[in-house]
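As the structure lists them, so they are numbered: ligands from 1, and atoms in each ligand from 1. Being a predicted model, the structure only gives us computed values, none of them experimental.
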Amino acid sequence: MNHFPIFVSLDAARVVVSGGGDPALAKLRLLLKTPAVLTVFAADPAPEIAAWAEAGKLALEPRAPEAADFVGATLAYAAEEDEAEAARTAALARAAGVLVNVVDNLDASAFITPAIVDRAPVTVAIGTEGAAPVLARAIKADLEARLPASLGPIARIGKAFRKLAETLPHGRARRDFWSDYYTTAGPRAFAEQGEAGAAAALDDLLAHHLGQTARPGHVAFVGSGPGDPELLTLKARRALDEADVVVYDRLVTPAILELARREALMIDVGKEGFGPSTSQDHINALIVEHARKGAQVVRLKSGDPTVFGRLDEEIDACDAARIGWHIVPGITAASAAVASIGQSLTRRGRNASVRFLTGHDVAGFADHDWAALARPGEVAAIYMGKKAARFVQGRLLMHGADRATPVTVIENASRPDQRVLSSTLATLPTDLAAAAMNGPALTFLGLAPRAAAQALPALQKEFA
Ligand code: SAH
């Protein structure tokens, strides 16, 4: 370790930056996040630098720095694009005993600026001593994805609570308290109610750790997306990491279930369109039962939990049992399916609205505004539409839809076994029967795959 990592306090510290081009700008963007008193020396500053000076964020001197300019400074950046000028600045800084960084010149620098993941007051600094900047960037990207943006405020709120937490005995008890706050209670409360929620969570958690209350259970309604684990949100991944119990649907893929915490209890409540399923009442009861025992329950639903997911019934059950809950959205099947055929759900001049329909509901085939759907240019994503294909076709034709209206069925969208069936309203039921699709499938009314759309005769183009 040639370079020793430290965190330097820049509270009221003077930092000198010389240069007015891109390298200076890059450093200044970072330095402006600190309370440092900044002086920039630049004869020809970039407009942003001039604007910052105007706004009083830094002092701008339209000249090269002199020896006296470095007296009392904590750090200096020689960020001139001209090498000789930068070397001159660096020499002046060194002579004044100030640590200096010469931009893009590791050997001439007394310190280097690491790649930074900023969740202040939590900051992660990554350095490779110049060996592999690409690696530093990759590590940074990885950590950026892993550390939620809420970590900063959560840590700030936690810091303000440190005195109160001292009512807990030093050591294990206090450590467990902070671990609960930072890994589960804090992020969850912040997601639900922002800063006020995180502050309240600290009070509840302290009461619990002092032995006054039982740990409260909680239900997260999490969207698992269309099947590809890479289409999970970061929040969904985190919820799976923290779950005590995962209650999941049939359409959630094994690769996603793999991501749940190893110790989590996994409960399959697989629901099949018309087939056997765990009754909704039973699912509600199951969720409530586990949360009541203090479990962190993840109710994992395919796609987005707010789309044809019977979410409200489960929320009502939680409310009735006074159990806290929140929703983590997911990528709905229509989004994944439309991506796979290279189309947009809406398109200027074609359709300014799109409908999400279900082919059937608890009462059987679902009724819709067929007259509106039969108009040219309409786009609808039909969920659970395979068995209803003939019904939908009949209704639409009855209301005057063009038999040539393109219809595309996407099976297993986003999964390795994805299939696209390009059809028309006239031939949909026969084409579907011939394709013998067994996986979940989404039917687009009024959309053809982009490549096919381009080859269509002019008459049909208006639909595509
Ligand atoms: N909440 C889910 C929808 C649940 S209803 C969502 O937002 O996607 C179940 C229906 O969704 C299936 O019958 C099928 O029409 C559709 N579906 C779910 N996953 C799919 C996938 N990977 N490919 C195509 N359709 C899918």
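Residue-to-ligand polar distances keep Glu411 apart from ligand 1: every N/O pair is separated by 3.5 Å or more. Considering backbone and side-chain N/O of Val307, one or more are found under 3.5 Å from N/O of ligand 1. Any N or O atom pair closer than 3.5 Å counts here, and Pro226 shares at least one such pair with ligand 1. Note: no N/O pair closer than 3.5 Å links Ile410 and ligand 1 by distance alone. Between Gly227 and ligand 1, not a single N/O pair is under 3.5 Å apart.
In this structure, Arg162 forms a cation-pi arrangement with Trp178, its terminal cationic atom sitting closer than 6.0 Å to the ring centre and no more than 45° off the ring axis.
Numbered from 1 in the order shown, with element, the atoms of ligand 1 that lie under 4.0 Å from a heavy atom of Leu442 read 24 (C), 25 (N). Within ligand 1, the atoms closer than 4.0 Å to a non-hydrogen atom of Thr332 are 6 (C), 7 (O), 8 (O), numbered from 1 in the order shown. Numbered from 1 in the order shown, with element, the atoms of ligand 1 that lie under 4.0 Å from a heavy atom of Tyr383 read 3 (C), 6 (C), 8 (O), 11 (O), 15 (O), 16 (C). Residue contact check: Arg415 has heavy atoms under 4.0 Å from atoms 22 (N) of ligand 1. If you number the atoms of ligand 1 from 1 as listed, the ones under 4.0 Å from a heavy atom of Phe308 come out as 4 (C), 5 (S).
When heavy-atom distances to ligand 1 are checked against a 4.0 Å cut-off, Leu251 comes that close only through its side chain, counted from C-beta outward. Residue Thr443 does not touch ligand 1, judged by heavy-atom distances below 4.0 Å.
For the 3.5 Å distance criterion, the side chains of Thr306 and Asp304 qualify, holding a donor opposite an acceptor. Judged purely by distance below 3.5 Å, without hydrogens or angles, the side chains of Ser224 and Tyr248 never pair a donor atom with an acceptor atom. Of the N and O atoms on the side chains of Thr430 and Thr427, not one donor lies less than 3.5 Å from an acceptor on the other residue. Asp180 and His209 form a side-chain donor-acceptor contact under 3.5 Å, judged by distance and modelled atom types alone.
For atom 19 (N) of ligand 1, the candidate residues are Ala441, Gly309, Ala333, Ser224; the nearest heavy-atom contact is made by Ala333.
A heavy-atom separation below 4.0 Å is found between Ser302 and ligand 1.
Within the 3.5 Å criterion, the main-chain N or O of Gln343 finds no donor-acceptor partner in the side chain of Arg450.
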| salt bridge (Lys or Arg N to Asp or Glu O under 4.0 Å) between Glu166 and Lys163, intermediate numbers included | CA-CA 5 Å; Glu166 282 169 18; Lys163 263 255 138 342; 3.6 Å; yes

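Of all protein heavy atoms, the one closest to atom 23 (N) of ligand 1 is Ala413 N, 2.8 Å. Ranking the protein heavy atoms by distance from atom 10 (C) of ligand 1 puts Met384 CG, 3.8 Å first.
Note on ring orientation: taking the six-membered ring where Trp is involved, the planes of His326 and His218 are tilted (angle from 30° to 60°). Between Phe356 and Tyr383, the angle of the ring planes lies from 30° to 60°, which puts this pair in the tilted group.
A salt bridge does not link Arg250 to Asp268: none of the charged side-chain nitrogens sits closer than 4.0 Å to a carboxylate oxygen.
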